[in-house]
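Here is the structure we will look at.
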Amino acid sequence: MTKIIVIGIILVVIIVGVYVFVKDTQIKRELETVERSEFSEGAVGVQNSNEVDSQITIVRTNGEWNITETGEYTLDPSSLIFEFTGYKPGGFHTGTFNAVTANVSLDADGVPVTSSIVFDVASVVTDSAGVDKHLQAPEFFDAANSPQITVEIKGMEKRDDQSYLAIADITMSGQTKTLSIPVQMGAVEGGVSFAVDTKIKISEYGMAYGPVQDDVRIVAKGVLKKK
């Protein structure tokens, strides 16, 4: 009986090990397709000289988006997505923030001139209540000392017809870094779409916890409608 139990335990360990290996391989391949946001220490950013055509204010309260605007463009709240994914051995957790405030200035083509975005750390919500609490701890967002994550987009660098780099100062866990964030924009019926699908290294913000992977994937999408 003892031998059977030992053999059973060994088989379980092997099965779990194979599962984790396969999942980690899938995750690695998936992340390899995602373009990284590059850190630029000491960079002062790019000032966009385009004239402002529209101003949009975005407020998310209890998970509900509310949009107000002046000018030619508005944002379709039903199209708006923001989420992040963190990876652990054999799996991942996906989350978002339920309290967000953003002010965005757009030029006549719907391209952001400047933007200011604030995330309330206490509003973080993932697929696990335990993870929600852990993300607010000192080893991650450190909500007690840094209750907000801020993103200040200072300008956009055009790479080609549909590809830009947003130059942004991101403050998280008490540290501010300048990043070049890949942004895809394209014409859609009646407006312009934007999409960010990128990854950053959380170690750049002093975050580290056991076997959690350094790369975190960030996805943001939406459609700007012209009136």
Side-chain angles (χ1 to χ4, degrees), residues 34-48 50 52 54-61 63 65-69 73 75 77 79-86 94-107 110-126 135-136 140-143 145-157 163-185 192-207 215-222 224:
V34 179
E35 189 173 1
R36 184 179 302 283
S37 289
E38 298 293 342
F39 289 90
S40 305
E41 295 292 346
V44 296
V46 173
Q47 294 295 328
N48 195 324
N50 292 1
V52 173
S54 301
Q55 298 273 359
I56 299 176
T57 298
I58 307 161
V59 178
R60 190 178 198 188
T61 306
W65 297 101
N66 292 287
I67 313 294
T68 58
E69 78 290 321
Y73 284 93
L75 179 62
S79 71
L80 194 55
I81 295 172
F82 175 84
E83 63 182 25
F84 61 87
T85 303
T94 299
T96 188
F97 293 88
N98 275 336
V100 183
T101 302
N103 292 288
V104 183
S105 301
L106 306 170
D107 66 16
V111 176
V113 178
T114 58
S115 303
S116 174
I117 311 168
V118 178
F119 301 92
D120 184 349
V121 171
S123 75
V124 68
V125 57
T126 70
L135 286 177
Q136 299 183 52
F140 286 108
F141 295 139
D142 193 12
N145 296 305
S146 304
Q148 294 179 333
I149 296 171
T150 62
V151 180
E152 296 286 342
I153 297 177
K154 299 181 290 185
M156 300 282 283
E157 290 182 348
S163 178
Y164 293 80
L165 286 177
I167 310 303
D169 286 341
I170 299 181
T171 301
M172 182 165 53
S173 190
Q175 299 188 44
T176 300
K177 306 286 183 179
T178 301
L179 282 78
S180 299
I181 305 170
V183 181
Q184 299 295 320
M185 300 192 70
V192 179
S193 67
F194 66 88
V196 173
D197 187 356
T198 189
K199 57 187 176 184
I200 65 170
K201 288 187 176 295
I202 58 175
S203 60
E204 294 282 351
Y205 287 92
M207 299 184 196
D215 282 328
V216 170
R217 187 175 184 176
I218 299 170
V219 174
K221 298 179 181 181
L224 296 157

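Keep in mind that this is a model prediction, so the values were computed, not measured.
Taking the six-membered ring for Trp and thresholds of 30 and 60 degrees, F84 and F141 have ring planes more than 60 degrees apart, a perpendicular arrangement.
The side chain to side chain donor-acceptor pair (under 3.5 Å) test applied to T126 returns D132, not counting sequence neighbours. Looking at residues two or more places apart in sequence or on another chain, you find a ring pair (Phe, Tyr, Trp, His ring centres under 6.0 Å) between F82 and F119. By the side-chain contact (heavy atoms from CB on, under 4.5 Å) test, E38 pairs with R36, sequence neighbours left out.
A donor-acceptor contact shorter than 3.5 Å links the side chain of D107 to the backbone of V111. Counting only distance, with no hydrogens or angles, the side chain of Q184 and the backbone of A195 share no donor-acceptor pair below 3.5 Å. S173 places a side-chain N or O within donor-acceptor distance of the main-chain N or O of F140, the cut-off being under 3.5 Å. Of the possible donor and acceptor atoms, one in the side chain of T198 sits under 3.5 Å from a partner among the backbone N and O of E35. Side-chain N or O atoms of Y73 include none that pairs as donor or acceptor with a backbone N or O of I56 at under 3.5 Å.
At least one side-chain heavy atom of D215 sits under 4.5 Å from a side-chain heavy atom of K201. For the pair I58/W65, a side-chain contact is recorded, criterion being any heavy-atom separation below 4.5 Å from C-beta on. Contact annotation: the side chain of P147 never approaches that of V121 to less than 4.5 Å [non-hydrogen atoms, C-beta and beyond]. Looking at heavy atoms from C-beta onward, I200 lies in side-chain contact with I218 at the 4.5 angstrom threshold. Proximity of L75 to F194: side-chain heavy atoms (C-beta onward) are separated by under 4.5 Å at one or more points. Considering only heavy atoms from C-beta on, N103 stays 4.5 Å or farther from Q55 through its side chain. Put simply, the side chain of P112 reaches to within 4.5 Å of the side chain of M185, judged on heavy atoms.
Of all the heavy atoms in V216 and G86, the pair that sits closest is CG2-CA, 4.5 Å. Taking every heavy atom of both residues into account, V183 and A166 meet most closely at CG2-CB, 3.9 Å. Shown here for K154 and T114, the closest heavy-atom pair between the two residues is O-CG2, 4.1 Å. The two atoms that bring E204 and Q175 nearest to each other are O-OE1, 3.7 Å, heavy atoms only.
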Full working for side chain to side chain contact (heavy atoms under 4.5 Å, CB included) between E157 and I167: CA-CA 8 Å; E157 290 182 348; I167 310 303; 4.0 Å; yes
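Here the NZ atom belonging to K199 is positioned 10.5 Å from the OG atom belonging to S37, to the nearest 0.5 angstrom. Once rounded to the nearest 0.5 Å, the distance linking OG1 of T176 with CD of E152 reads 9.5 Å. To the nearest 0.5 Å, the span separating CG on D197 from NZ on K221 amounts to 6.5 Å. Rounding to the nearest 0.5 Å gives a distance of 10.0 Å between OG1 of T171 and CD of Q148. To the nearest 0.5 angstrom, L165 atom CG is 11.5 Å from I153 atom CD1. Note that CG of L106 and CG of L224 are 5.5 Å apart. Values are rounded to the nearest 0.5 Å.
Using a cut-off of 4.0 Å between Lys/Arg side-chain N and Asp/Glu carboxylate O, D169 and K177 are scored as not salt-bridged.
For the side-chain contact (heavy atoms from CB on, under 4.5 Å) test with V100, the passing option among I117, L80, D120, I149 is I117; the others fail.
No donor-acceptor contact under 3.5 angstrom links the side chains of R60 and S123, judged on distance only.
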